[in-house]
Structure formats: structure tokens, C-alpha cells
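Reckoned from all heavy atoms, side chains included, excluding hydrogens, waters and symmetry mates. So you know, we letter chains A, B, ... as the sequences are listed, proteins then strands, and number each from 1.
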There are 2 protein chains.
Amino acid sequence: MDKKPTIDDVARAAGVARATVSRVLNSSPNTSERVRERVLQAVKDLGYQVNLQARQLASGSSRLVALIFAADADAEPNSYYHSAVELGAMRACSELGYGLIAHTLDPAKDVHRSRVLAMVDERRCDGLVLTPPFSDDAGLIRALKQRDAPFVLISAGPDARRLAHSVGIDDRQAGFELGEHLVRGGHRCFGFISGPQDHRSAALRLDGFLEALNHAGVDESCVTVAKGNFTFKSGIDCAEKLLASAERPTALACANDDMAAGALFSAHRIGLNVPSDLSITGFDDTPVSQIVWPPLTTIHQPLRVIGSKAVELLVGQIMHENGASDAADHQHLVPFQLIQRSSTGQGAPN
Amino acid sequence: MDKKPTIDDVARAAGVARATVSRVLNSSPNTSERVRERVLQAVKDLGYQVNLQARQLASGSSRLVALIFAADADAEPNSYYHSAVELGAMRACSELGYGLIAHTLDPAKDVHRSRVLAMVDERRCDGLVLTPPFSDDAGLIRALKQRDAPFVLISAGPDARRLAHSVGIDDRQAGFELGEHLVRGGHRCFGFISGPQDHRSAALRLDGFLEALNHAGVDESCVTVAKGNFTFKSGIDCAEKLLASAERPTALACANDDMAAGALFSAHRIGLNVPSDLSITGFDDTPVSQIVWPPLTTIHQPLRVIGSKAVELLVGQIMHENGASDAADHQHLVPFQLIQRSSTGQGAPN
DNA sequence: ATCAAAATTGGAAGCGCTTCCACAAATTAA
DNA sequence: TTAATTTGTGGAAGCGCTTCCAATTTTGAT
């Protein structure tokens, strides 16, 4: 394996200075057409490829962005959610000439914050995309802003959205539509399987849901909330609890698809027919919602778009380098959609 | 934002030479305890952190490994599979002080090979982990070996395993056990939903399956094979086809869980009861297999372990730098396990 | 005590690139 | 035509680190 050609080799071959080659390669404005062509030809002839390390060291940027996910010790919760976001982020990255470092952290462990900060401190990446629950971690956000690190939040809660660039759907509205849908189906007694406390945007889904019921004149006492943690398993547990109550709900709304799948599982086990005995709704429209039987009525979040949008925003921020101050108005709302499938019946049960 | 301390600052603070600091930081053997302590203290005092770019440029290594996945334009096939492998890889990376770059490529597009090679050419990473179908791409493997790039294969077919380091299960044996299990259940008429052609290790599952039937004296004519592509959708389609045939199979074995879920979906739609009318088996033991109803009998692959093992092997290779020549005996077989759930009945139907 | 060998340490040369600065060439204005 | 600009280009100084090599100190054997 002979040594790779360097920028100096190209310069020599093209008969120009190293600086000129660099300029051509970075499409700086001041280069004549003639020289540009000669350089490009030399690059092609030699099969030259920039050494990113060197470029990064010299320019102070790594051309890498990091995507931060939560993952606790054993579960791989929401992995479809993650994959979709990651995929979108990757797309945007390749398009923009950036690399993507995906990083999972256990939000329960206390080191997570310093880990994230180390990524930017060590110049491992030029910027960060944070997914929940990190996107709601005010302390982390503050630390990031303090060191002028570019970052954008995905599905953050309203507080965090006020602080930094973010992308996500209008979770409250989505919850509202879910509530409406169920009310329209004739339901009057509800269960809601929510996400964990620190996932602010998921909490909004519940707010919106309740609002819809309220709007329809349903008393709040008719809805029981159980707190899950987005896993299939927690969906089973919560559903079991909710369905065992004296006044059994006829509709179960869940803060994500995995928990809805769990609820469905419970229903099967108990022998309830979905949707004739019980309606169930999910959230996210991950493949899970179609894999189960019956397929789930759910809210479609354009997760790939969210991922790519986040990276686009981030890279824009990195390039213009005009700090985080103008963040407030950089809240990107992407459209969601209620997807009606057969897990919710047309008429209310009995 | 004041400038970050450099190695020179540390050297000055500790009253030693820059080279000495470097030595301490890289735990080279020749440093006296006294100096080591002084340096470490200075590091702590200043809050010094190495600049990876610089280290990389100077040392010629990026301390980054890349994980290559397949993902075609719209589907996110097998995302649980990917997530699990990625998670395992990440674990190993953080443990070994490496970073992970995950990269998805469309194997259908022809640029994929050059993209991968660019990763190593541009020194974006020190090594690669290839997942199927890239792990069976002989051309890619050859190109990688040619440039002495360290890499390891995941779930590669036998041909590829002969060429390079690899980790995976004994797919043939797993297929065999699945076959045995179904035969033991009394089945005599089978359908098999296979993976795409270029996924060699998945093909082995079918080989083993057939072998088991053969072993049990079942005629090969009793099994019909449909070719899927690992997606839920393709599982539906294949199952539909297989179940429509004159001699309807009483058992459907699928090369992965997603397709098994699809088969299950078809069965539901047609009105077949699983497992009393039809037994179904999956492969991988991803969460999907427990999310569906009834939960799937499947083969558990320790995907996380596979991911971390692959990275460990890779890093070992990177460190020892003793080329790919001794690859042959570096085939790591990890144990799999048949997980029996309720999608396969105890007795044969009717 | 003496000298060779081993263990530490410092000095300095890069790694391959970007970018600031100065200078030459090509334009334009006067 | 000459002076004042506007380009385009080359030279050189780093970016922050590793690592080779030589110098120094320590160790251990004689």
C-alpha cells in the first residue's frame, strides 16, 4: 500500500501552490477558471482525497454531528422510533457532507450529561441533535449554550423549545385529535397510558387528549391515567391495571405504539375483542402499529423528516455560526396525521 | 469562551516536556510514578482534554469505527435487528475508547461500494463492521483487504467467512432445529419464507431446515419456498401466496421475525387460527416476536453480543495491525437458542 | 567506585491541511 | 498614461498532537 497523495502532491502536479489547491477544494470564490480546472484534473489523476483529520485540525471543525439517544441498560425502547430518526438524520448528513455519530446514553445514569459535553469539548463533533428525554434536559441545554455549541432538539417540550432550535410535531394537537376521534366513536370511559414524566412532549399528548374530552363534555373523572415508560412491557402492565378497574374503559389511548401493542397484548390475553370490546390507539405510526393485529389507529409522525430536518437546522447553525440567541423563532413544526386503522371501532361498544 | 488548554499548557503546568505529557496520557510504559502524578494533577487542574483531531492527525488513526447497514430507499427493514447490533457495537466502542459511526447504504444503488471505501480512504474510520448483505459482498471484501483496512463481518455466509474475520451464529444448525421442532409438532406440509438471494446466512437457515425435514423422512416436495425480503410486507405477500396453494401448509417457517409477523397478519386476515390451524416461526427473537399475537416461536440470536463482539474483534485487529491474513480461524460463532412461544402448536393441526 | 546497560525525559520534526498576509497581475478610474 | 483598486496566487505560520532520536538520569553489576 503506497502512500496516499497529499495536497502537496496535487499542488506539484498542477503547478500551483498548496494554498491554491486548498482554495479550489473548498470552493472559495477567488480562483480563476483556468487554475481551478488544472487542479481538479490533478486531483482526478492522482486520485487525491482530503485527509479529514488534517482538515479538521486546521479548520477547527470535524464535519461530524452527533445524534443522542436514550437507551437504558437492557431495553431498546422505541427502537423503530430511533431508527427512523437516525435514518432521516443520516440522509441529511450525507447530503450535506457531514458524518453522523449516533450515541446512546442511559438517562438514568448520572454521567450522561458529561458524556454529551465531552463530545463537544473534545471536538468530536460540530454539533448535537438531542432526542427525548435529553431534549428536555434544561441543565444540559444550558451547559451547551454556555459553550456555544450548536445543537437542535427533537420533540422537546414547550420549555425547551423556547430555549433552542427544535423540531417536532404539535403534540398537544395530536392528542386532541386522538381524543376527538375516540369521542366520535362513542366512547365515554377512557384509559390513557402515558409516557414517563421527563418526556415533556409526550405529556402534551395527554393534555391535548383531555382537552378534547373536555371539549366534548366528557367529565375528567372518566379517564384514568397510567404511567408507562414507552416499552411494550409497560404497555402490558398499565393496560392490565386499567382494564381491571371497576369501571372498565372502552378505549385506551397510549403515548406510543409500543405501549399500544402491549395494551393489545393484554386485551388478547384477557379475551377482549379489539375493537368491539375495546378500542386502542397508539402514537408515532411506527411499523409496530401495522404489525400487530388488529393494526393500530395512531398518529403518524414523519420521523425521518424530523431527523433530517434537525440535521439541516443544525448544519445551518454550524455554518452561520451565529449563536443560539435567535433560537426562539427556530421552532420547526412538522405536520402529523391521524391514521385510522382497525383498532378503533366505529361505534361505541355495547 | 476562553481557549481550551492544550497539551503544552499541561506540560508547562507540570514542569515537564510536551512529549512526557503525551506519554503519560497514552500510558506508555516508560514514565516514572512521580512525573505521572504531577502530569495527571495538572490535567485535572486545567480541565484538559485531548483534541482528538490533533491526536488522530499525528497518530494516523481516527479511533472511530464504522458500522455499515443496508437500508433501501423507503423501508427500514429489520430495524430492531439493526438497533440491537448497533447498541452492542456502541457498548463495545465506549468500553474500548472508540467512537461509532453508523452508516446506512442502499445495496441496490451501485455507489455503495465506493462509499464504503471512501470511509477508509479518507481516514474517516480505522475499521469497518459490515452487516448483511454487505458482509457477503466478495468484491467489497476484496477491495478492503487490498487496502489493508481492518474489518469484520456480521452474519456472513460461509464463503465470506473464509475470507475474513466474522461473527455470527450457526445459521444452518438454527434452521435445522426449527425444522426439527416443527416436525416434532406433527407437521408434514411446510412453507418457508426465505430472505433475499444475497443474504447468504439466511439461505443457510433454509438449508438446515430442509435437512431437518429430510432427516425426519419428510419428502422435500412437501415444502414450498417463497422468497421475501425481510420486510413485514413481504411476509404478508409470501404467506398469502403459500396459504393459497392447493395443499395448504400447516406450518410456516420464516427467515426473520418481521416476515413471520407478516405471515401472522395474513393468517389473521384469512381467518386461520394460530397455532391451531397454522404454526408460524420467526428468526432473530427481536421484540417483534413478542409484540404480535400469539407471540412467535423463534431463534434467539444474541444480536447485541454479536455487535459488541464484532467491534472487539475489529479493535483487536486495528491495534495489532497484523493484517487480514490470519482471518480464517477468526470465525466467531456465538450461541443461539430456540425460543418456544405460542405460535407453534404442540400437536399437528386436524 | 566504575562503567555499561536500562529507564526516563526533553527536543524537534512532522502529520496534511487551512488561512492570514503580502505580493503580483489584471482591471478600472482619473 | 498613471494611480487606485480589485482580483488571483504564493509563502509561511500554525492547528495540537505523536513519536523518533538524542541526552540525561538511574540502576545494577563488577
Side-chain angles (χ1 to χ4, degrees), chain A residues 2-40 42-43 46-64 97 120-124 126 318-319 321, chain B residues 1-40 42-43 46-64 97 121-124 126 318-319 321:
Chain A
D2 36 338
K3 288 215 74 51
K4 299 195 57 188
T6 75
I7 194 172
D8 288 309
D9 297 325
V10 175
R12 207 170 311 121
V16 299
R18 185 204 299 184
T20 305
V21 177
S22 175
R23 256 173 245 125
V24 171
L25 261 34
N26 293 287
S27 48
S28 117
N30 293 333
T31 43
S32 71
E33 198 52 43
R34 224 186 47 250
V35 171
R36 149 176 261 88
E37 269 173 26
R38 255 194 312 164
V39 170
L40 258 23
V43 166
L46 295 171
Y48 169 77
Q49 296 186 278
V50 286
N51 176 317
L52 289 182
Q53 265 80 52
R55 169 181 294 192
Q56 290 161 201
L57 176 57
S59 68
S61 98
S62 65
R63 294 217 142 230
L64 239 38
V120 331
D121 285 340
E122 292 179 353
R123 295 271 182 303
R124 265 179 182 283
D126 290 352
I318 290 169
M319 309 240 302
E321 206 59 90
Chain B
M1 188 173 67
D2 35 338
K3 288 219 71 54
K4 301 195 55 188
T6 72
I7 194 171
D8 287 310
D9 297 325
V10 176
R12 208 170 310 120
V16 299
R18 184 203 300 182
T20 305
V21 177
S22 176
R23 255 173 245 125
V24 171
L25 261 34
N26 293 287
S27 48
S28 110
N30 294 333
T31 44
S32 73
E33 198 51 44
R34 222 185 49 250
V35 171
R36 147 178 262 88
E37 269 172 26
R38 257 194 309 163
V39 170
L40 257 22
V43 166
L46 295 171
Y48 168 77
Q49 297 186 277
V50 287
N51 176 316
L52 288 183
Q53 266 80 52
R55 175 186 296 214
Q56 290 162 201
L57 176 57
S59 68
S61 97
S62 64
R63 294 216 141 232
L64 239 37
D121 285 339
E122 292 179 356
R123 294 271 175 320
R124 266 181 181 281
D126 290 353
I318 290 169
M319 309 241 299
E321 207 57 91

Partners passing side-chain hydrogen bond (donor to acceptor under 3.5 Å, both in side chains) against [X] (at least two apart in sequence or in another chain):
X	value
B:R38	none
B:D9	B:R12
A:T6	none

Gap between atoms [atom1] and [atom2], on [X] and [N] respectively (whole Å):
X	N	atom1	atom2	answer
B:D8	D:dG14	CG	C1'	12 Å
A:N26	C:dC20	CG	P	12 Å
A:I7	D:dG10	CD1	P	12 Å
A:E33	D:dT7	CD	P	16 Å

Could you pull out all residues at least two apart from [X] that satisfy side-chain contact (heavy atoms from CB on, under 4.5 Å)?
X	result
A:A54	A:N51, B:L57
B:A14	B:V16, B:V39, B:A42
A:Q49	A:K4, B:A118, B:D121, B:E122

Between the protein and nucleotides 9-11 of chain C, are there any N/O to N/O pairs under 3.5 Å, and if so, what are the atom names and distances?
from	atom 1	to	atom 2	distance (Å)
C:dT9	OP1	B:S32	OG	2.7
C:dT9	OP2	B:S32	N	3.0
C:dG10	OP2	B:A17	N	2.9
C:dG10	OP2	B:T20	OG1	2.6
C:dG10	N7	B:R23	NH2	3.2
C:dG10	O6	B:R23	NH2	2.9

Checking side-chain polar atoms at under 3.5 Å, does B:R23 have a donor or acceptor matched by the opposite partner on B:T31?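 Distance-only check fails for B:R23 and B:T31.
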Could you check if a side-chain atom of B:V43 sits within less than 4.5 angstrom of a side-chain atom of B:L25, using non-hydrogen atoms only? yes
Got a sec? Which of residues 50-60 of chain B come in under 4.0 Å of DNA chain C, heavy atoms?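 Contacts with DNA chain C under 4.0 Å: B:L57, B:A58.
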